[in-house]
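Letters A, B, ... mirror the listed sequences (proteins, then strands); counts begin at 1. The shown structure was predicted, so the numbers you read here are calculated from the model rather than taken from an experiment.
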Protein chains: 4
Amino acid sequence: MPESDPARTWFKCTDAERAAFEAGIKLGALYHQFVGAAVNAASVDSLEEAMAASLRTQPFVEGAQVRLDRKSLRQGPRPYDESSLTGEMMDVSVQVRYGESAVVGRLRYVPELGYPLMSLEAV
Amino acid sequence: MPESDPARTWFKCTDAERAAFEAGIKLGALYHQFVGAAVNAASVDSLEEAMAASLRTQPFVEGAQVRLDRKSLRQGPRPYDESSLTGEMMDVSVQVRYGESAVVGRLRYVPELGYPLMSLEAV
Amino acid sequence: MPESDPARTWFKCTDAERAAFEAGIKLGALYHQFVGAAVNAASVDSLEEAMAASLRTQPFVEGAQVRLDRKSLRQGPRPYDESSLTGEMMDVSVQVRYGESAVVGRLRYVPELGYPLMSLEAV
Amino acid sequence: MPESDPARTWFKCTDAERAAFEAGIKLGALYHQFVGAAVNAASVDSLEEAMAASLRTQPFVEGAQVRLDRKSLRQGPRPYDESSLTGEMMDVSVQVRYGESAVVGRLRYVPELGYPLMSLEAV
């Protein structure tokens, strides 16, 4: 990858630091792109797929999985029975490789912390 | 719809004005929710479907169609060959009904104006 | 305004419906543009001002007020003590005029409904 | 910082990799939070300040500077004379520290590449 990376001369870091940086970009971008989107039981599958596909288009991503929590979705026949996507509903994993370095970034709600955490599960 | 609308007492307007207001909300929301999303030839179908499904979950929407322009998509095997979704790439139609009033909202690039326009095509 | 509106030929509606549509666009856009933004006690003033200024740049807006609820903000010296902007924290009013028609759009949390409502308070 | 970081047990990486990851999150989030926002000459100062303030609220950020390019702004007295914020208009620098490791993340348009690049300028 580094040899095919047109941007490599703009970086001053190791391959592992670059992979970690790229994983952070992907998770920060995904959260802020999609949080607040209207979603209900009929649309959650397509939103999940679009989020994963969006991750997979990005530089140095080798794989991505997105799970949205269905239990939080409002459902019903009346107006305003739809929900907005929140960070608490997201469970995202993204595999990023740069050169010899592969990392796994994760975004998920951590009950002990009380908020959605973006973390590096493996470098 | 009005009789099943839990929010109707908060409005002071005709059904046609309400339908127009709701159409505006849907288009303004869609644009600002999804603009900037990473997209390429492999992910454009799922993004299009998620956008249309997101519209269809919302109050008073009877139908929605989303077309994203494939010609503007960058493609290729190198990092950074993905694109970001712009307003110029979107062609969106949303049908909204409130009581006896039905409207069609549209978002699309208008060459004569030089920008993406949100308009009411029929009331 | 109608005579200076370069887009008027794309609309089929009354001035009041147009004003209602434009108010909907502004509120839908504002919500989805800014929801999820990182905010704390030190940054809330600037976010509030930026949101109001963003509304005031838009077509047919005569005035806009934004109040963000400070009580919901996390505060503290530890990492992750910041909050994300939610719809529940927003109280927004926007005055829109098109021709002879003036409307007031509002976005605020309505306890009786249990969610942030976008409404037309006056036409 | 590591000793005051409530999330540190969820990470498996060096301090430098963590700092790089956090810098990536901040830049990815900023871009996707604010891209597409309505902006003109009257509102650009407040948007710039809100973006910088939003960065400074976030974990492990020691400083942040945001410059938005005024030359790209549409100006004028007619409706639709406002612009939308694009990545090409942003020049952002964010200083992140985790433990002994400090990094500088940067987001700016790079003419040689033809797109806005997020990079690590120093680790």
Side-chain angles (χ1 to χ4, degrees), chain A residues 1-8 10-11 18-19 22 25-26 28-30 32-62 64 66 68 73-85 94 96-99, chain B residues 1-8 10-11 18 22 25-26 28-62 64 66 68 73-85 94 96-99:
Chain A
M1 292 272 177
E3 57 282 3
S4 72
D5 172 18
R8 68 188 177 284
W10 278 268
F11 283 83
R18 176 70 182 276
E22 297 291 334
I25 291 173
K26 276 56 164 167
L30 188 82
H32 288 272
Q33 183 67 58
F34 290 100
V35 73
V39 62
N40 68 7
S43 72
V44 64
D45 288 351
S46 67
L47 184 59
E48 211 172 56
E49 174 53 25
M51 292 173 72
S54 175
L55 283 170
R56 291 186 199 113
T57 70
Q58 295 179 59
F60 317 116
V61 172
E62 294 202 318
V66 175
L68 302 179
L73 295 175
R74 291 191 201 177
Q75 304 188 37
R78 299 220 315 174
Y80 302 104
D81 280 337
E82 93 283 8
S83 299
S84 284
L85 184 65
V94 60
V96 174
R97 171 176 291 278
Y98 194 85
Chain B
M1 293 273 175
E3 56 284 3
S4 71
D5 172 18
R8 67 189 177 284
W10 278 268
F11 284 82
R18 176 69 183 276
E22 296 291 334
I25 291 173
K26 276 56 164 167
L30 188 82
Y31 181 92
H32 289 273
Q33 183 67 58
F34 289 100
V35 72
V39 61
N40 68 6
S43 70
V44 65
D45 287 352
S46 67
L47 184 59
E48 210 173 56
E49 173 53 28
M51 292 172 72
S54 174
L55 283 170
R56 291 186 200 115
T57 70
Q58 294 179 60
F60 317 115
V61 172
E62 294 202 319
V66 176
L68 302 180
L73 295 175
R74 291 191 199 176
Q75 301 186 38
R78 298 223 313 175
Y80 301 103
D81 280 335
E82 93 283 9
S83 298
S84 284
L85 185 66
V94 62
V96 173
R97 171 176 290 278
Y98 193 85

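The most heavy-atom pairs under 4.5 Å with chain A, out of B:A29, B:A53, B:A42, come from B:A53. Looking only at heavy-atom pairs under 4.5 Å with chain A, the residue among B:S43, B:A7, B:S46 that has the most is B:S46. Heavy-atom pairs under 4.5 Å with chain A peak, among B:V61, B:V39, B:T57, at B:T57.
Not a single donor-acceptor pair under 3.5 Å links the side chain of A:E49 to the backbone N or O of B:L47. Between the side chain of A:S54 and the main chain of B:A38, a donor-acceptor pair closer than 3.5 Å is present. With hydrogens and angles ignored, the 3.5 Å screen pairs a side-chain donor or acceptor of A:Q33 with a backbone N or O of B:V35.
Taking A:E48 as the reference, A:R70 meet the side-chain hydrogen bond (donor to acceptor under 3.5 Å, both in side chains) condition, with sequence neighbours excluded.
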